[in-house]
Protein chains: 2
Amino acid sequence: MPTVSSEELAAAAGVNSAKLRKDFSYLGSYGTRGVGYDVEYLVYQISRELGLTQDWPVVIVGIGNLGAALANYGGFASRGFRVAALLDADTALAGRLVAGLPVRHIDELESIVADNQVSIGVIATPAGAAQEVTDRLVAAGVTSILNFAPTVLSVPDGVDVRKVDLSIELQILAFHEQRKAGEDDRPEPDGDVPAVMPA
Amino acid sequence: MPTVSSEELAAAAGVNSAKLRKDFSYLGSYGTRGVGYDVEYLVYQISRELGLTQDWPVVIVGIGNLGAALANYGGFASRGFRVAALLDADTALAGRLVAGLPVRHIDELESIVADNQVSIGVIATPAGAAQEVTDRLVAAGVTSILNFAPTVLSVPDGVDVRKVDLSIELQILAFHEQRKAGEDDRPEPDGDVPAVMPA
DNA sequence: CCATCTTTGTGCACGCGTTCACAAAGACAT
DNA sequence: ATGTCTTTGTGAACGCGTGCACAAAGATGG
């Protein structure tokens, strides 16, 4: 039976082994003292807790470059996500294959969500269309939305929204870059300025 | 002179006003007691501190769907980023216009980075090409890399890498979705299981 | 069956970030 | 000028997550 110790895992992940053990303990006592954790069992337990063992049908709305990139992204399938449908308002796109799936018209949204029991929707439309799409998704029964459009969406209570801003990470890099470059020549008002930015 | 109080800003952002004031205080004393903060001045100071007032030339490597989506993304320009060039290994793409810019061959990387003093590179290539592209970027003088490829990159000290995994946010949504659905019918080993997932 | 050795699970202490609470500062009216 | 009122800036307290350190648990060998 292949096992790992918390020490090995912690070293590999670059974290403290006590923290790692404490985190694992929240999921139950899956380790064996003097031996470590059974790898296969541990993977299964974490996967289950994270929802990776379930099947999550999702719809992607807005099949532009970003929508297509998401449809082609391999990381979804391996994490339990299944693309139930690709939707777009552009009738010229209808039927075209993207990542092996035909693009369908936005008006099929309601029936697709109902038929596949979709609870998660991904919005990759232009900003202008995002709120309307959101409203339709919510009305159809979707309770979680991943928003790539640069707009703040308003949703009723009980619906989760997560917004992904592709430029935020770039901004963090630029912030650090500025620090690297400016440490010696940038005139600061008075003394140094502490970091107010995530690591 | 239009002003805002820390109370108003905190309410709008959904945070504590004291924390907001303390955060601002790290940038200097830009407020006026009894009045609040001068909006225009505050915006400028924050922009400057975050590096938004600078010009950051970036190169995007790998002009597939994701690379094209990034090139078209409007949020970059408004935050001080300027796409210096789009690069791809596929010679068939060379010269094609994406977001108004011609795609150039990867072999021009070194000269483009040097000529434009590019310090930030964006990798949107397949996983297999990411490390080689990284090495060339670093050798050419790039010191910050935003990696969209599903690989862990190794870089020398002094180079910053940030990895964006498009499926992580989806996974967080699924985790919460599981909680919503399973709170009443999922059999838990013993008692409840605390959350081990970001909010 | 006992001794020893390894590694888990966790109580406790420490440190850091958040929040409270208030004195200081400035605006504005009289 | 003086007093009042508003809002900042910050010292101090609080709370929570992280890390230390060790007892308990189980494996393994004699």
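Chain A is the first sequence line, chain B the second, and so forth, proteins listed ahead of strands; every chain is numbered from 1.
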Starting at [atom1] of [X] and ending at [atom2] of [N], how long is that distance when rounded to a whole Å?
X       : N      : atom1 : atom2 : result
A:Glu8  : C:dT7  : CD    : P     : 8 Å
B:Leu20 : D:dT10 : CG    : P     : 14 Å
A:Leu42 : C:dT7  : CG    : C1'   : 14 Å
A:Met1  : C:dT7  : CE    : C1'   : 13 Å
B:Tyr26 : D:dG11 : OH    : P     : 10 Å
B:Tyr30 : C:dG26 : OH    : P     : 16 Å
B:Leu9  : D:dT7  : CG    : C1'   : 13 Å
A:Glu7  : D:dC20 : CD    : C1'   : 12 Å

Original post:
A:Arg21 or A:Thr32: which one's nearest nucleotide on DNA chain D is closer to the 5' end?
Top reply: A:Arg21
Subject >> Which nucleotide in C:dA27, D:dG19, C:dT10 has an atom nearest any side-chain atom of A:Ser25 >> reply: C:dT10
Original post:
Quick one: which of C:dC20, C:dT8, C:dT10 gets closest to the side chain of B:Ala18?
Top reply: C:dC20
Original post:
Is A:Ser17 touching bases, backbone alone, or none of the nucleic acid, heavy atoms closer than 4.0 Å?
Top reply: nothing
**OP:** Answer with base, sugar-phosphate or nothing: what part of the nucleic acid does A:Tyr37 contact at a heavy-atom distance below 4.0 Å?
**Re:** sugar-phosphate
N/O (side chain, [X]) to phosphate O (OP1/OP2, [N]) under 4.0 Å:
X       : N      : answer
A:Ser5  : C:dT7  : no
B:Ser6  : D:dT8  : yes
A:Lys19 : D:dG19 : no

With a 4.0 Å cut-off on N to O distance, would you call [X] and [Y] a salt bridge?
X        : Y        : result
A:Arg136 : A:Asp107 : yes
A:Arg79  : B:Asp165 : yes
A:Asp160 : B:Arg179 : no

**OP:** Establish, yes or no, whether a centroid distance under 6.0 Å links the rings of B:Tyr30 and B:Tyr41.
**Re:** yes
**OP:** Assess whether one donor atom and one acceptor atom, taken from the side chain of A:Lys22 and the base of D:dG19, lie less than 3.5 Å apart.
**Re:** yes
Original post:
Hey, does the side-chain of A:Arg33 have a donor or acceptor N/O within less than 3.5 Å of a partner on the base of C:dT8?
Top reply: yes
Subject >> Distance-only donor-acceptor check, side chains A:Asp38 and A:Tyr44, under 3.5 Å >> reply: no
